[in-house]
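Working notes, structure below.
All of these numbers come straight from a predicted model, not from anything done at the bench. Numbers restart at 1 for each chain; the letters A, B, ... are given by sequence-line order, proteins then strands.
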2 protein chains.
Amino acid sequence: MAPLARPTYAVIAKTAGVSEATVSRVLNGDESVHPDRAQRVREAVEELGYKKNRVASALASGRTGLIAVVIDDDLSVFSDPFWGTVTSGVSRVLQENGLHTVLMVAPVGALDGGVAHYLKSGEVDGAIFFVLHSDALVSYLKKQGLPLVITGTPHSNADIPFVDTDNFGGAHSATKHLMGQGCKKIAIITGDIGTTAAKQRLDGYLQAHREKGNLPIKSLIREGDYSFESGKAHTEALLASHPDIDGIFASNDLMAMGAITVLERAGRSVPNDVRVVGFDDALIAQTSRPALTTIRQDVVALGEAAGSLMIAQLNGQEFEPIILPTELIIRESA
Amino acid sequence: MAPLARPTYAVIAKTAGVSEATVSRVLNGDESVHPDRAQRVREAVEELGYKKNRVASALASGRTGLIAVVIDDDLSVFSDPFWGTVTSGVSRVLQENGLHTVLMVAPVGALDGGVAHYLKSGEVDGAIFFVLHSDALVSYLKKQGLPLVITGTPHSNADIPFVDTDNFGGAHSATKHLMGQGCKKIAIITGDIGTTAAKQRLDGYLQAHREKGNLPIKSLIREGDYSFESGKAHTEALLASHPDIDGIFASNDLMAMGAITVLERAGRSVPNDVRVVGFDDALIAQTSRPALTTIRQDVVALGEAAGSLMIAQLNGQEFEPIILPTELIIRESA
DNA sequence: ACTACCCGCGAAACCGCTTTCACGGATTCA
DNA sequence: TGAATCCGTGAAAGCGGTTTCGCGGGTAGT
């Protein structure tokens, strides 16, 4: 499938009156070529509309120009606009740097199958993981020397470059906000506690209490799974066990919506009786009634940061983990 | 970056006692090799844990094993869970067939820039477009012989394989449903009418009226842009010009939500005073109050269909456009 | 003025797989 | 039995870049 007959080095070299080696040097930014000849090459390239064949280049150089983005094959993950947005940010940054994004939707369990092999065998120059749970494969690839970036905080403390939102700080300020509004009994509905993000958000919530000198009762801490349904279920349970509850911090907006649905159905007014804060600032936070007070994370920036971190690694530059700040968005629910 | 020293054909050939040509034949399913030798090759492959170098293979054969997915670089498009879900469906199907998905987020305007070149220059074996507006590039690539699939209905009637939801049928049944509920004055808030999907949904709405023998007044037809805000704005306008309106069909759920928000704020009860139907069955349709009656489209299936259509083309099989059925989901709003 | 170095540049090997071509032997047909 | 055909197979020529190696001329050092 070679739609167009494209010129090769041979042609460029001939019209520029130099050798193919020189063409290669010029096209790869080798400074050692005499300016005049370099110029002749550039003109030939321009004139003939030459574009490098990336495949041939990849074979010879060992660099494919491809970066894998590995996403858990859990629909609830990718159908979440969150990851879609992150991915588009990544893709844009990479594209600006002449790299392409290869999307890999893989079931977490199969990470030692085809995808793992693909990554291990040097057919991509690097990999960006959207990782929620285990990162065994990640550590393995790290050892192989494959440039990696993790979006989210890794579990293992192997020094793998990562980008993440300041989950702790966000949760902390959400909880403080509820306290500042006069809430005395604040529950938290966490995400899947197997994920570091959920843990960090819980820590932020705890820290806010600690600073106030009163740790929350254990039964105010409920482990959800980021779904609307789990938000509803845990709120029902909370209302049953703690009828005097007056604040809920949900670890994402969807669960916050579930909480509000149940609260209103139970005759509690939000925010008058119970105040609710979510996390993410997803679309629904704006469209819901009451509009949701929440912690905004800059998802596009997250993707771009991941892309930049990858570029930095490939260029052998210095880099360190990037933690993006969050912002409390006050709307109607708290 | 070659993490592992991998065996090559040379090694396989030697241990199997055959030539490299034979190894290639076996690995590419050429039937003409004697079963015994083929077996020896397979054993050698197994024993050495050999995996083909896709790059070298691509250079020699001209097939890269890469399929581009081109998405409009409009954040509101990709952050819409819709496209994320479609993409994951595509990716899964391709992966099952040994192909990989290269994500290309490109501004529509730049389609004759880098991305266009990339596609034109045979560095992917095919391209799947998520196309909303112009499809000039698509027609061009089609002429170049690049296998294409369009997700959504193309504007030009060049016979490009596409997959789409039955927008017409869905809109038709939504409108019929409103009529069946006793609505006499039904407005429609369309999507950007430059998109075929929006046009088809409008047609479905019109057809339902036509069948009933009474075409709607022109001023009941409002062109929105799929955003929450536009749903709100058009509903306000409708209430002003047609206070007796009793039904609204919004071309997506987000605009339907906007409509409901405005209606309730204006003291109209949904569904008692005004019934509202959306389109998509997005997450918000389930979480909103009142829960949204809407037209469900199977987004995952859409992605998988797109992937399958691509595979079919690459295999030179017969294929034709795929139109996926919709389903009316009755909840509370109508 | 002579040796030692450095520098820009081309020839050629090479990356790992695919594919054409032709050869030797077996089979078929007359 | 001889000529024509067919088959499985290996040698070798690519695919289109990258990179090593070494050459010839120019500069520097003494």
Side-chain angles (χ1 to χ4, degrees), chain A residues 1-42 44-45 48-66 98 118 121-125, chain B residues 1-41 44-45 48-66 98 117-118 121-125:
Chain A
M1 189 57 47
L4 260 35
R6 310 164 62 196
T8 66
Y9 269 16
V11 183
I12 303 292
K14 197 181 317 178
T15 71
V18 301
S19 72
E20 298 189 23
T22 297
V23 176
S24 177
R25 291 191 182 100
V26 173
L27 264 46
N28 292 309
D30 185 327
E31 298 291 336
S32 71
V33 177
H34 187 97
D36 289 358
R37 327 187 101 233
Q39 186 54 31
R40 292 222 305 279
V41 171
R42 287 201 204 85
V45 165
L48 298 168
Y50 173 82
K51 288 286 176 181
K52 199 141 69 176
N53 177 327
R54 306 181 117 246
V55 176
S57 174
L59 177 59
S61 70
R63 274 169 276 109
T64 59
L66 261 29
Y118 186 73
S121 54
E123 291 169 18
V124 293
D125 293 347
Chain B
M1 190 57 45
L4 259 35
R6 310 165 61 195
T8 66
Y9 270 16
V11 184
I12 304 291
K14 197 183 316 180
T15 72
V18 300
S19 73
E20 296 188 25
T22 297
V23 175
S24 177
R25 291 190 182 101
V26 173
L27 264 46
N28 291 310
D30 186 327
E31 298 290 337
S32 72
V33 178
H34 187 98
D36 289 358
R37 326 186 104 231
Q39 185 55 30
R40 291 222 305 280
V41 170
V45 165
L48 299 168
Y50 174 82
K51 288 285 177 183
K52 199 144 65 177
N53 177 327
R54 305 180 117 247
V55 177
S57 174
L59 177 58
S61 70
R63 274 168 276 108
T64 59
L66 261 29
H117 180 85
Y118 186 73
S121 56
E123 291 170 18
V124 293
D125 293 347

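- Atom CZ of B/Arg6 and atom P of C/dG16 are 9 Å apart (whole Å).
- Within the structure, a side-chain polar atom (N or O) of B/Arg37 is placed less than 4.0 Å from OP1 or OP2 of D/dT9.
- At whole-Å resolution of the value, CD in B/Glu123 and C1' in D/dG17 are 12 Å apart.
- Nucleotide D/dT9 holds its C1' atom 12 Å from the NE2 atom of B/His34, rounded to whole Å.
- Atom NZ of A/Lys14 and atom P of D/dG17 are 15 Å apart (whole Å).
- Within residues 19-27 of chain B, the residues that have a heavy atom under 4.0 Å from DNA chain C are, in order of number, B/Ala21, B/Ser24, B/Arg25.
- A/Leu27 CG to A/Lys51 NZ: the interatomic distance, rounded to the nearest 0.5 Å, is 9.5 Å.
- If you take NE2 on A/His34 and CZ on A/Arg40, they are separated by 9.0 Å, rounding to the nearest 0.5 Å.
- Taking side-chain N and O atoms only, B/Asn28 has a distance below 4.0 Å to OP1 or OP2 of C/dT18.
- Distance A/Lys51 NZ to D/dG17 P: 13 Å, rounded to the nearest Å.
- B/Arg40 has no side-chain polar atom (N or O) that falls below the 4.0 Å cut-off from OP1 or OP2 of D/dT9.
- Using a 4.0 Å cut-off, no side-chain N or O of B/Tyr9 falls inside it from OP1 or OP2 of D/dA12.
- Between the CD atom of A/Glu31 and the C1' atom of C/dC7 there is a distance of 14 Å, rounded to whole Å.
- Among the protein residues, A/Val55 comes within range of no part of the nucleic acid, since none of its heavy atoms lies under 4.0 Å from any strand.
- The backbone N or O of A/Glu123 lies less than 3.5 Å from a partner atom in the side chain of A/Thr64, making a donor-acceptor pair.
- Put simply, CG on B/Leu59 is 12 Å from P on C/dT19, counting in whole angstrom units.
- Separation of atoms CG (A/Asp36) and CD (A/Gln39) is listed at 8.5 Å; rounding is to 0.5 Å.
- The side chain to side chain contact (heavy atoms under 4.5 Å, CB included) with A/Val18 is formed by just one residue from the set A/Val41, A/Ile12, A/Val26, A/Val33; it is A/Val41.
- When atom types are taken as modelled, the side chain of B/Asp30 and the backbone of B/Ser32 share a donor-acceptor pair closer than 3.5 angstrom.
- Place B/Ala56 and B/Gly17 on DNA chain D by their nearest nucleotides, and B/Gly17 ends up nearer the 5' end.
- Distance B/Lys52 NZ to C/dT18 P: 4 Å, rounded to the nearest Å.
- Applying the side-chain hydrogen bond (donor to acceptor under 3.5 Å, both in side chains) rule to pairs touching residues 8-18 of chain B yields nothing, sequence neighbours excluded.
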